[in-house]
Each structure stands twice: as C-alpha cells, then as structure tokens.
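In what follows, a single structure is set out as structure tokens and then discussed.
Below, chain A is the first sequence line, B the second, and so on; all start at residue 1. Source: prediction; values computed, not measured.
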Protein chains: 2
Amino acid sequence: MKKDLQKAIQKYKVPVVAVDMLIFSIIDKKLCVVLISMKKKPFEGSWAVPGGIILKDEHIDDAARRHLEQKTNVKDVFLDQLYTFGAPNRDPFGRVVSVAYYALIPHDKVSLKTTDRYGGIEWFPVDKLPKMAYDHKDIIKMATKRLQSKLTYSNIMYSLLPKEFTLAELRTSYEIILKRTFDKRNFRKKVLSLDMLIETDKKQVGVPNRPAKLYKFKNRKFKEFEIL
Amino acid sequence: MKKDLQKAIQKYKVPVVAVDMLIFSIIDKKLCVVLISMKKKPFEGSWAVPGGIILKDEHIDDAARRHLEQKTNVKDVFLDQLYTFGAPNRDPFGRVVSVAYYALIPHDKVSLKTTDRYGGIEWFPVDKLPKMAYDHKDIIKMATKRLQSKLTYSNIMYSLLPKEFTLAELRTSYEIILKRTFDKRNFRKKVLSLDMLIETDKKQVGVPNRPAKLYKFKNRKFKEFEIL
DNA sequence: TCAAAAGTGTTCGTGCTACACCCATGC
DNA sequence: GCATGGGTGTAGCACGAACACTTTTGA
C-alpha cells in the first residue's frame, strides 16, 4: 500500500471493507456451514467464517463470489447479501465493516480447498459450532434464519440439490433446514402445483425398493413463490 | 471530507464507507421520501438521498440515525438496514460503498432542516421523483418494495402514525403504501384480532360526522406478525 | 416372498373474501 | 334534517392439514 494512502487512512481511521462468506450445504442430513480455523492471536483455536478485504475495482458481490469459488470450486449457485456489520470494535485488528453474504451449494459437489493461510477448513453443523471468533456465531444464526425464511418464498433450493432429484430428497431437504416435517402427499401436491419443477423420464437406479421418479427445477435462477 | 483523504482515495480507489438514509412518510395521501438537491457537478440540478461518510468509531447504525435526526429532528422511530451497494463505479468522486437504511416517520412530525451544504431539502412522492443522482432511483425503488413487504409481516406502521389514530387512518395508510384497498369490516376484524392495538377511551373531536374511536399500538417496537 | 420406500384421494376445518345497512355527530 | 364517515355480521369458497393402503423394485 502506498504511503500517502496509508497515512491518510491511519489519520482518519478509514474503515476497511471486507466480505464474509457463509457457505451452506446439507451434509450427512444436517445443515452445515464452512469455517476456517484461525492461526492469529487472539483467536488461535477459534473458527471463523471465510472472507477478506475487497480488491480495488472489485464489486462487493464479486468479492463474495471470489471467496466462494476459492474455497469450494463452485460457481453459478444462489448467492445473496445477508447484512452489513459495522460496529466499531468488531475486529481487534482495526476497523472493519463487513458485508456478509450467504450461498447454498449442492451437497454432491463438496470438496473444500485448504490454503496455508489458515489452519484448516471444514464443514460444521450449524447446531454444533466450535468456538467462534469475532461475532461470527451471531452472523451464522442470522444467516440460518434468513435462509429458512427465503426457502419458504422462493425456489432457492435449486442451488442445494443436484440437477436431478427425487421428491423425497426435496422434501427432506426442506425438513432438515426448516426443522419440521411435511406430509408426503400434501408436499407433493403443493410443489407440483407451483410449476417450478419438471418431471424427467428417468428413475433412481440401484435402490433396494421401488425407484422414485427424478425431477429437475424449471429455472435454476432465483424466483419468488409462495412455497410452504 | 478532508482534502488529503479525498485525494488519496481518488488516487487509489480505496473504498469509503457511507450511509444513505431513506426517510419515508405519508404526506398528503402519498408515500414520500426526503431528498436533497445537489450543488456539485456532474449532478447539479439532480436530487439525492441524504447521507454521508461514517465517522471514525461510529457504528454504521448510528451514522444512519445521525443523518435522520439531522434532517428531521426525529428519534426513536423504526430504522432498518436496507442493503449495501458496492459497485466500483457508483460514484464519480471515488469508490464509495454505501450502506442504505430506511426509516418511517410520523406524518405529523414533519419539519425538514436545510443546511447550506445542499441546495435544498424536500419531500417527494416516490411515484414522482425528480431527476436523481447516482443510482438513487433504484435504491428508492428497492426500499419501497422492502417497506411494502415488511408492512405485511410486522407492526412497523407504529412508526408512521401519530401516537393515537383511528382504524380508518391505519387502513388508509396501508392502502397508500401497499397500493391496494382493504374491505373496512375485514380489516377491522383482522387487525383487532392481532393483539397489536389497544383501544383508548378517546374519540376524534371536531369532525363533521360520527367521531371514530382512537387506538394506539400496544408496543412501539418492532415485532413480527402475520398482518395482511 | 420380504423389506423398503414410492405413489396416490378424500374429508374436515380454518381463514379470507365479498357484501349492505344503521348510527353518531356537526352544520 | 341532511351530509359524512363510523361501526357492524354472515355466507361461500379456497386452501392447508390430517390420514392408510397399494405398488414397485432388489435381495
């Protein structure tokens, strides 16, 4: 960083703009989020949501996408701005205003990339978080709530499921995230009435029971609905 | 803004964090928003949403409240974060990431304070905006949508109405903002069933017709409901 | 033939919608 | 007494909730 800039920033305590990227998926029947383990004091041994400072000329949305792709190799998933956290003393290293984003990625595409900047990167169930750095525990809670809410009035589940899926998979995914159950028949009736899915001519293979029909989403793009 | 900082910021495109404050009220049966007229090129003659850079050690929420109070003298109203805009070329003067907030203020408390930094400050109906600077037209559109949505699942109308009001005032306020009508009887039934209002023992005075009972909100604090 | 999950209809209750007339007050 | 908005009840309909048995496949 150039000297005159650094000087001006220190003089006026200009806040730094960062993004936090909350990456959600369903792993092993649980809603999980990607965390990285911290090396630096005072947060050694704690975990945090991945993220970092935005680049110059980089749109904040793109900064979020950059972090998402860096960690998971996935693109073209649902990504949405959550909230901007701007308390003056959130970060002991300096004033950081961070814009949090959340994304939903398919559980069949999961492969986390670690880098040597962090101690490690792992999925954690949102109900069993480790010791968290900063205010990240609250951020995860808020993101979980928002995710639950958005699931009930949009088609964003397209971003969590594989291209083709059974209605049972769709239903249990809703059940896991919304923490409730749905009646099998009522659920079918409802989702099929929404003109949101397309029936394929394929079926499950290799299951020890009657194979289910596979469906896919009509549009793999955010759209509002009255779903559940 | 100080000159040396401004210079450094322009040179290196370091993002500056600002807030934009969208102040809504109902004036003359129309949903209106506070705008200020710009003096500086290239936006002479255009209008913008009030706002400005956050102070050092100032919480961004407080920055929004500061601007709100500066312009309107009101405190203790509903104020909520809308969205953070972070495209790199939004502002020709340099990179600005701005966190937009919106607030609802009572129409009986309106008195705008002008300052000599701006050409003027005025209420404009959201349907008849003047020539707007930056991307502020889009921001107002987004805020209006959010406001409409939030009205249908919360009690934030408490922040727009005077302390005591008639059910007709409540109803027409919803009708103006949501751009639809409600059946008088069904509306009464619904809002009274929500345990959100308290009936006072007062009535309208000086009206040339049967005076309506006055009601007040049980809690003048944000709460979620299923309202309309 | 057995185990396991898929697929399929009907009934009931709740809540939203539509709708018209009398009442209280000021002038 | 007349003009103006306040205040009130009921019937129909749509939608969500509850609920059990038959079908198809692999082993």
Select one nucleotide: of [options], the one nearest the side-chain heavy atoms of [X].
X: B:N209; options: D:dT4, D:dG26, C:dA5; result: D:dT4
X: B:K213; options: D:dG7, D:dT25, D:dG26; result: D:dG7
X: B:A212; options: D:dT25, C:dG9, D:dG7; result: D:dG7
X: B:D183; options: C:dG9, C:dC19, D:dT8; result: C:dC19
X: B:R210; options: C:dC19, D:dG7, D:dT25; result: D:dG7
X: B:N186; options: C:dA5, C:dC19, C:dG26; result: C:dC19

With heavy-atom distances below 4.5 Å as the criterion, would you say the side chains of A:W123 and A:V33 are in contact?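 No, every pair of side-chain atoms sits at 4.5 Å or beyond.
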
Cation over ring, A:R185 on A:F187, under 6.0 Å and within 45°?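 Judged by the rule, A:R185 and A:F187 form no cation-pi pair.
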
Interatomic distance, [X] [atom1] vs [N] [atom2] [rounded to whole Å]:
X: A:E199; N: C:dG7; atom1: CD; atom2: C1'; result: 12 Å
X: B:K203; N: C:dC23; atom1: NZ; atom2: C1'; result: 10 Å
X: B:K202; N: C:dA24; atom1: NZ; atom2: P; result: 22 Å
X: B:F182; N: C:dT17; atom1: CZ; atom2: P; result: 9 Å
X: B:E226; N: C:dG15; atom1: CD; atom2: C1'; result: 13 Å
X: A:K189; N: C:dA6; atom1: NZ; atom2: P; result: 18 Å
X: A:F165; N: C:dA6; atom1: CZ; atom2: C1'; result: 16 Å
X: B:R171; N: D:dG5; atom1: CZ; atom2: C1'; result: 10 Å

Knowing that exactly one of A:V74, A:L79, A:L160, A:I26 qualifies, which makes a side-chain contact (heavy atoms from CB on, under 4.5 Å) with A:I105?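 Only one option passes, and that is A:V74.
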
Along DNA chain C (nearest heavy atom to each residue), the more 5'-positioned of A:P208 and A:R188: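 Looking at DNA chain C, the more 5' nearest nucleotide goes with A:P208.
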
Does the plane of the ring in A:F124 sit parallel, tilted or perpendicular to the ring in A:W47? Use 30° and 60° as the thresholds.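 Perpendicular.
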
Parallel, tilted or perpendicular: which one describes the rings of A:F78 and A:Y102, with boundaries at 30° and 60°?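 Geometry flag for A:Y102 against A:F78: perpendicular rings.
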
Any A:R185 side-chain N or O less than 4.0 Å from OP1/OP2 of D:dA18: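 Result: no.
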
Does a side-chain N or O of B:K190 approach OP1 or OP2 of C:dC16 to a distance below 4.0 Å, or not?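 True: B:K190 side-chain N/O within range (under 4.0 Å) of C:dC16 OP1/OP2.
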
Counting any heavy atom closer than 4.0 Å, what does A:K184 reach on the DNA or RNA strands: base, sugar-phosphate only, or nothing?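 Counting heavy atoms under 4.0 Å across all strands, the contact made by A:K184 includes a base.
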
